[in-house]
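Let me begin by presenting the structure, written as structure tokens, before commenting on it.
For the numbers below, each heavy atom of this structure counts, side chains included, while hydrogens, waters and symmetry mates do not. Read the numbers this way: they start at 1 and go in the same order the structure lists the ligands and their atoms. Note that the structure is a prediction, hence the values are computed from the model and not measured.
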Amino acid sequence: MTIRLIVLLAFVVMRTDCTSAPSELCEVDDLACKNVTRGTNCGCTFSGTKAKCCHFKLNLVSDYVFNCNLENLTALFFFNCSSPDTGTNVRNLDLTPILKKYPQLLTMSFTNADYNTIAFDPRNDSRPNLQCLNVSSNNLENDTAIKKVIESVPSLRLIDLASNNLSYAPNISNGEDLWMHMAENKFLRCDGIADMMMNNSTKFLNPGNTTCVKTTSIIQWEANTDVFRLSLDNIEYANMVSQQCPSKCMCNKGRLIPTGISTIITVEVNCSSRHLTELPAVLPMHTTDLDVSNNNITNLMPMSVKNKNSNYNKLRTLYADNNKITSIDALEGTDFLNSFDLISLKNNKITNIPHFIKKAFDKDSGKGQISISGNDFSCDCSTAMQTKPWLITHKSHIQDFDQITCSNMGKKKVVDLVQETLCVNEEINYIYYIIAAEVLLLLLLVGKVSYDYWVFKHVGYLPWPASKMPRLPCDYFFEK
Ligand SMILES: *[C@@H]1O[C@H](CO)[C@@H](O)[C@H](O)[C@H]1NC(C)=O
Ligand SMILES: *[C@@H]1O[C@H](CO)[C@@H](O)[C@H](O)[C@H]1NC(C)=O
Ligand SMILES: *[C@@H]1O[C@H](CO)[C@@H](O)[C@H](O)[C@H]1NC(C)=O
Ligand SMILES: *[C@@H]1O[C@H](CO)[C@@H](O)[C@H](O)[C@H]1NC(C)=O
Ligand SMILES: *[C@@H]1O[C@H](CO)[C@@H](O)[C@H](O)[C@H]1NC(C)=O
Ligand SMILES: *[C@@H]1O[C@H](CO)[C@@H](O)[C@H](O)[C@H]1NC(C)=O
Ligand SMILES: *[C@@H]1O[C@H](CO)[C@@H](O)[C@H](O)[C@H]1NC(C)=O
Ligand SMILES: *[C@@H]1O[C@H](CO)[C@@H](O)[C@H](O)[C@H]1NC(C)=O
Ligand SMILES: *[C@@H]1O[C@H](CO)[C@@H](O)[C@H](O)[C@H]1NC(C)=O
Ligand SMILES: *[C@@H]1O[C@H](CO)[C@@H](O)[C@H](O)[C@H]1NC(C)=O
Ligand SMILES: *[C@@H]1O[C@H](CO)[C@@H](O)[C@H](O)[C@H]1NC(C)=O
Ligand SMILES: *[C@@H]1O[C@H](CO)[C@@H](O)[C@H](O)[C@H]1NC(C)=O
């Protein structure tokens, strides 16, 4: 029990570690802005070792901020402190003077301003200890400049670059320990990001909500170059597809499924004609199409609800023609059965269509198509009474409904079965004979008893065999 709990906790810790940075890296900005008027000696608000300064032009920093007593501060937040007008388009955020003067700062943010580039000159013997740099909500465009800053501040553990105008993430080479937040960069391109993720060179914060534009083929197994949006989650899994592809099979790009903010690239797995005797135990994540036709597969067990992590739950299309499948009972209760587009099981050894399959079509006459001809169906009265009408009712979903034959009746088609012929010759007729015989017997018995009674009343003795029967105790009672 305890061990299980520890394992579970370890798992949870590992999982959260993957997508959220340790919270102690950045101090939280929970201070209000002071309403600054020019000429005030110190226009910042303080709380403990944090300070927040708002609405400056940054060339006024020396007038205001530097006059504040910031010596022991660990966190300094600049909000809406825009750059001075230099008469050019360059709005450079130079961190050099402030980091030189306050090397003890651990968290610093310059947000909601208009910088388009950033600089830090490490030559001026400053040794910053900065862990967290938040430059979100600016107009940063130059990833090379950011890369230089990151490389010049080795203590840096997190850089928030959200809501800027970057086309590339700064591709630093030794950033295994660095968290980067890249959400809301409208023109961010996926190719550079995919490389960085492949090399594990940077950890991305909030990957599910960070999207990039896919303009080229970024993953080994997909060839096309459609332009659409991917989330970093998606790139991460896509990078893993080649590792997860079942041996002997080929994995290709499947469908593009738009979700809320991005698109999911799904996977198509092709294992046809590979001498398989069973289905792949596990598929790559997001597999929607599986082709296992022309093999010697005998059952569909990996698809069953018992195999939770086999990734069969997103499957929409299954081609399993020309195998040796005897039973499809494993499909009962699966997600696949609720949402499939196509099941093709032609030329197998299936002996009957299970009730739950029929029910799946009755419940929701959705878009699913099924093909099941060329199997070993054994037909009887119930095939004619139930399966035949089911085939005809759902013929728009059963591509080969009029090709399904009975292996025990010389390949007679199920749709040609005649209920009267099949069923009358069998149990129904037989039951009628028994009932008729029973009724006849009853009538004879009643007749004989009535006759005996009539004779006894009129003649005074009982006819054979009643007269030969031994006397019962109740007879004495009636005679008295
Ligand atoms: C700041 O002061 C100006 C004028 O004194 C006032 O109009 C404004 O509402 C104040 N802003 C805040 C956030 O207090
Ligand atoms: C930002 O600061 C400028 C003054 O530098 C002020 O006019 C503007 O209203 C401020 N913007 C916000 C969102 O507070
Ligand atoms: C900074 O910390 C030192 C040592 O703790 C202390 O002597 C000094 O007064 C502090 N300065 C400020 C401005 O709080
Ligand atoms: C480095 O320091 C020198 C003098 O101390 C100064 O002139 C120069 O502007 C500084 N460089 C930066 C990038 O701040
Ligand atoms: C960076 O600043 C923005 C705006 O103040 C804030 O919402 C965000 O949480 C900060 N990022 C981090 C990592 O603290
Ligand atoms: C980006 O920054 C780098 C380094 O600061 C600089 O050499 C380069 O010219 C900048 N690129 C643009 C387009 O501004
Ligand atoms: C953002 O970058 C794109 C190209 O990368 C450019 O076309 C656009 O004008 C930039 N937006 C702003 C607000 O600078
Ligand atoms: C880093 O990105 C730049 C584009 O900003 C590119 O020219 C360079 O080749 C990249 N470096 C690596 C190692 O991928
Ligand atoms: C990723 O690693 C490959 C080879 O190890 C290297 O060629 C490439 O430049 C690296 N890309 C980045 C973005 O670091
Ligand atoms: C990245 O990490 C994964 C999992 O930890 C590992 O399998 C892979 O080899 C790593 N890639 C590189 C280029 O180091
Ligand atoms: C994305 O952000 C929204 C709100 O900002 C949040 O509700 C959602 O959980 C986030 N999704 C992921 C995958 O982080
Ligand atoms: C199926 O198995 C038989 C013998 O067991 C073999 O001859 C045949 O080639 C196999 N078919 C496939 C498609 O693997």
Report yes if some N/O of D160 lies less than 3.5 Å from some N/O of ligand 5; otherwise report no.
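Between D160 and ligand 5 (N or O atoms, distance only) the closest approach is under 3.5 Å.
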Side chain or backbone, does N134 bring an N or O within less than 3.5 Å of an N or O on ligand 5?
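In this structure, N134 places an N or O atom under 3.5 Å from an N or O of ligand 5.
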Quick one, list the residues around ligand 7 where some non-hydrogen atom comes in under 4.0 Å, by chain and residue number.
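N139, E141, N165, S167, F187.
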Do C190 and C212 have their SG atoms less than 2.5 Å apart?
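Cystine link detected, SG atoms below the 2.5 Å cut.
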Is it possible for you to check whether K148 lies under 6.0 Å from the centre of the six-membered ring of F120, through NZ or CZ, and within 45° of that ring's axis?
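No, cation not above the ring by the 6.0 Å, 45° rule.
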Compute the minimum heavy-atom distance from S136 to ligand 5 and say whether it is under 4.0 Å.
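Yes.
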Heavy-atom pair of closest approach, residues [X] and [Y]:
X    : Y    : answer
M182 : Y168 : CE-O, 4.4 Å
S310 : P302 : OG-O, 3.3 Å
M303 : T334 : O-CG2, 3.2 Å
H181 : T210 : CD2-OG1, 4.4 Å
M196 : P170 : CE-O, 3.4 Å

Do S82 and ligand 2 have an N or O pair less than 3.5 Å apart?
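There is no such contact.
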Find all atoms of ligand 2 within a distance of less than 4.0 Å from any non-hydrogen atom belonging to H55, and give their numbers and elements.
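That gives atoms 1 (C), 2 (O), 5 (O), 10 (C), 14 (O) of ligand 2.
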Are any non-hydrogen side-chain atoms of I328 and P354 less than 4.5 angstrom apart?
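A side-chain contact exists here, since the closest heavy-atom pair is under 4.5 Å.
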